[in-house]
J.: 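Structure below; questions to follow.
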Amino acid sequence: MRQTTIKTAGLHLLLILCILIISMPVILALIISTQTEAQVLSYPPGLVPGSNAVHNYVTAWTSVDLGRMMLNSTIIAFGVIIGKISMSLLAAFAFTHFNFKGKKLLFGLVLVTLLLPVPVRIVALFDIIRRLHWIDTYAGLMVPFWASATSIFILIQRFRTVPSELVDASKIDGCTPMQYFFKVLLPLIRSTLGALVVINFIYIWNQYLWPLMATNTKEMRVVQIGIKMLMSTESSNNWGVIMAGVIITMIPPLLIFIVMQESFMKGFALQSEK
Amino acid sequence: MRQSTFNNKFLPYILLLPTMFILVVFLFYPAIETFRLSFFKVHPWTGATRFAGFYNFIKIFSNPEYLHSFVLSAMFAFAVIGLGLFFSLLIAILLNQKIAGIRFYRTFLIWPYALSPAIAGALFNFLFNPANGVLCYFTGYRSWLTDGRTAILVVIIAAVWKNLGYNVIFYLTALRNVPQAALESASIDGAGAIKRFFYITFAFLSPTSFFLFVMNTTYAYFATFGLIDVLTEGGPAGSTRILIYHLYKDFFVHSKTGYAAAESLVLFTLVVGITFLQFQTSEKKVHYQ
């Protein structure tokens with residue numbers, strides 16, 4: 001009995017230690033984001049909160065127009081999520097609920113896209129976006145991401161676990177395929193949809209290379225590029241302001257992740273079963 | 001299990017049309033066009049092309065900087081995968097114990113998953129900055145980011161840290177699916193905890209490990225671009241310039257479209273190789289399920 005108590009206490013201690021190590025960079029960023037420039041530059045570094053939080057956060061927000069970038073990133077994230085998830089739902093429905101000529105070929109085409117991440121086709125992709133006059137537009141940042149093998153696979157996995165008696169029953173009731181899709185199938189897979197929203201929000205919000213290339217004007221920049229801009233604007237190593245900017249930009253994905261964590265955990269692992 | 005299907009001749013094609021349209025225009029066409037361009041000389045301003053055979057490939061592979069970047073990327077990926085999988089498995093094992101408050105611990109151990117590579121870059125840039133970086137102070141060494149030999153270590157640590165949450169999630173799910181009966185019967189046969197872990201748990205984890213190996217390879221090769229751009233910009237003196245950063249510079253900064261296209265094809269070959277490996281190993285997966 002005594003031995004297990006010690007073991008449990010040790011385990012708690014170990015877990016807390018892990019949390020502290022993993023969270024350390026962000027805890028320090030939080031502390032620094034409240035310090036004045038003098039406090040930040042003190043050596044040895046002072047690790048207590050300062051009095052300059054309001055000033056730092058306001059400066060970070062205004063100096064590179066972080067508000068506009070947050071808006072852009074939000075619009076793009078939801079634009080991609082809505083387009084990608086609706087298109088993937090239809091495709092996964094076609095692959096699991098119909099037999100048709102060329103099914104294997106079309107599925108193969110979807111499969112092959114796993115071999116074509118953005119960096120592999122970036123040279124010509126950039127050229128297409130330029131010829132479409134989509135540089136510095138939301139379309140250029142959203143439309144190329146609407147088709148997704150990963151989302152289709154996750155949905156196929158989920159659709160396969162839905163009992164096929166439901167299809168038979170709705171056929172007897174005279175349901176059309178689309179009625180079955182909207183009234184029976186969609187309500188059943190809510191937690192998977194939740195997982196897809198979380199995965200894709202974080203993926204798009206955190207994207208860097210493509211937005212860096214596909215935008216030039218300040219008005220169209222996204223938050224991730226904003227971090228880099230903040231670091232070059234605040235050149236005198238004004239880490240208080242930079243860390244304030246970093247904290248602001250990490251809040252939306254963290255909120256979505258924590259709020260939707262349960263459905264995310266349920267759906268996320270479907271990925272490894274493709 | 002066989003799924004009951006609807007009978008409709010045209011509907012499935014209509015359902016697939018939007019996805020296929022995007023795939024053709026924004027994935028297949030640009031990929032093929034990029035590969036085509038890798039065999040052409042492209043004028044930096046006019047965009048005029050002239051067939052050049054293997055010229056671009058010969059040029060990039062006779063550039064010592066590119067070769068360095070090639071080897072660096074492989075070592076970087078190796079370190080990120082090895083350290084990443086090791087530490088995430090340790091954390092997942094800790095999280096798989098039956099103690100109070102485990103949900104709380106789980107949340108706070110996987111949350112860096114939601115952070116971006118660029119944010120990881122900014123955080124570690126601060127922690128290791130030579131003027132007053134906290135970790136420079138505690139290690140008594142200021143040149144972490146200004147010395148190429150240690151800058152790559154900082155990039156590795158930052159990259160592992162950022163992806164830890166992702167790996168833990170998959171290992172944790174896999175650990176929960178290890179059949180208890182197998183562990184119990186091994187225990188009855190007298191196998192100790194360590195033996196049980198290596199002979200049984202480890203075997204059941206191998207499909208997940210392979211999956212994570214593939215995902216972490218693409219992470220290390222591609223997704224760390226933002227991290228490197230914010231943390232070191234590939235420097236000092238190219239010591240952290242992995243292939244994707246090299247490609248970006250050649251294409252976007254130096255307008256060497258032909259070289260960049262050839263570099264894309266090199267990266268594509270790599271992705272194909274790794275994916276092939278995944279398909280080979282996913283055969284084994286069947287035995288465990």
Side-chain angles (χ1 to χ4, degrees), chain A residues 8 11 14-15 18-19 22 25 28-29 41 43-45 87 90-91 93-94 96-100 106 109 113-117 119-125 128 144 146-147 160 164 167-168 177 202 206 208-209 213 224 227-228 231 237 239 242-243 246 250 253-254 257-258 261 268-269 272, chain B residues 3-6 8 11-12 15-16 18-19 22-23 26-27 30-31 33-34 37 91 94 97 99 105 107-109 111-112 114-119 122-123 126-127 129 131-132 134 137 164 169-170 173 208 211 218 222 225-226 229-230 244 247 251-252 257 260-261 264 267-268 271-272 275:
Chain A
T8 314
L11 207 56
L14 214 56
L15 282 164
C18 285
I19 288 181
I22 286 176
L28 284 174
L41 290 174
Y43 199 83
M87 286 172 47
L90 298 180
F93 184 53
T96 48
H97 287 75
F98 295 88
N99 284 320
F100 51 94
L106 291 176
L109 286 181
T113 62
L114 287 175
L115 305 175
L116 303 172
V120 163
R121 55 194 151 91
I122 200 152
V123 172
L125 184 62
I128 292 173
W146 277 353
R160 282 192 181 145
S164 77
V167 174
D168 302 329
I202 291 173
N206 291 344
Y208 192 94
L209 178 60
M213 294 179 63
Q224 302 305 323
I227 292 170
K228 180 91 188 278
M231 290 181 69
N237 275 353
W239 290 104
I242 297 169
M243 288 301 124
V246 163
M250 71 170 71
L254 265 183
F257 174 67
I258 288 170
Q261 202 190 149
F268 198 52
S272 63
Chain B
Q3 190 95 33
S4 293
T5 54
F6 290 102
N8 195 310
L11 190 58
L15 294 172
L16 283 167
T19 293
I22 300 285
L23 287 188
F26 296 105
L27 282 106
E33 180 65 9
T34 302
L37 281 175
I91 293 172
L94 284 180
Q97 311 296 321
I99 57 168
Y105 287 126
T107 306
F108 283 91
L109 281 169
W111 70 276
L115 306 185
S116 72
I119 281 180
L123 291 172
F126 165 70
L127 291 176
N129 85 81
N132 61 329
V134 177
Y137 174 72
L164 214 52
I169 294 167
F170 282 99
T173 314
T208 305
F211 170 78
T218 45
F222 301 129
F225 175 85
D229 195 40
V230 173
I244 179 73
L247 193 164
F251 179 52
F252 210 63
T257 307
S264 298
L267 284 175
F268 172 73
V271 180
V272 171
T275 312

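Chain naming here is simple, since letters A, B, ... match the order of the sequence lines and numbering starts at 1 in each. Just the heavy atoms: all of them, side chains too, but no hydrogens, waters or symmetry mates, feed the values below.
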J.: Once you round to the nearest 0.5 Å, how far does OG1 of B:Thr34 lie from CG of A:Leu116?
T.: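 Result: 9.5 Å between the selected atoms.
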J.: Pick one of side chain, backbone, both or neither for A:Ile202, based on which atoms fall under 4.5 Å of a heavy atom in chain B.
T.: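 Contact with chain B is through the side chain of A:Ile202 alone.
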J.: For the CG atom of A:Leu114 and the CG atom of B:Leu27, what is their distance to the nearest 0.5 Å?
T.: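 One gets 10.5 Å once the value is rounded to the nearest 0.5 Å.
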J.: Checking heavy atoms, do the side chain of A:Leu125, its backbone, both or neither come under 4.5 Å from chain B?
T.: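 For A:Leu125, backbone and side chain are both near chain B.
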J.: If you measure from OG1 on B:Thr5 to CZ on A:Phe100, what distance do you get to the nearest 0.5 Å?
T.: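 It comes to 11.0 Å.
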J.: Side chain, backbone, both or neither: which part of A:Ile227 has a heavy atom under 4.5 Å from chain B?
T.: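 For A:Ile227, the side chain is the part near chain B, not the backbone.
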J.: Relative to chain B, which of A:Pro177, A:Pro117, A:Pro253 shows the most heavy atom pairs under 4.5 Å?
T.: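 If we count pairs closer than 4.5 Å to chain B, A:Pro177 comes out on top.
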J.: Could you grab the distance from atom CZ of B:Phe252 to atom CE of A:Met213, nearest 0.5 Å is fine?
T.: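 Those atoms lie 5.0 Å apart.
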J.: Between atom CZ of B:Phe108 and atom CD1 of A:Ile19, what is the distance when rounded to the nearest 0.5 Å?
T.: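 Rounded to the nearest 0.5 Å, the CZ-CD1 separation comes out at 7.0 Å.
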J.: When only pairs under 4.5 Å are counted, which of A:Ile258, A:Ile242, A:Thr113, A:Thr8 shares the most heavy-atom pairs with chain B?
T.: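 Between A:Ile258, A:Ile242, A:Thr113, A:Thr8, the count favours A:Thr113.
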J.: Is the backbone of B:Ala114 close enough, under 3.5 Å, to the side chain of A:Asn206 for a donor and an acceptor to pair up by distance?
T.: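 Pair found, side chain donor or acceptor close to backbone of B:Ala114.
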J.: Is there a donor-acceptor pair under 3.5 Å between the side chain of A:Arg121 and the backbone N or O of B:Ser264?
T.: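 Absent.
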J.: Just how far is it from atom CD1 of A:Ile122 to atom CZ of B:Phe222, taken to the nearest 0.5 Å?
T.: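 Taking CD1 in A:Ile122 and CZ in B:Phe222, the distance rounds to 10.5 Å.
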J.: Looking at chain B, which one of A:Ala29, A:Pro25, A:Ala91, A:Cys18 has the largest number of heavy-atom pairs inside 4.5 Å, strictly under?
T.: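 Top count of heavy-atom pairs under 4.5 Å with chain B: A:Pro25.
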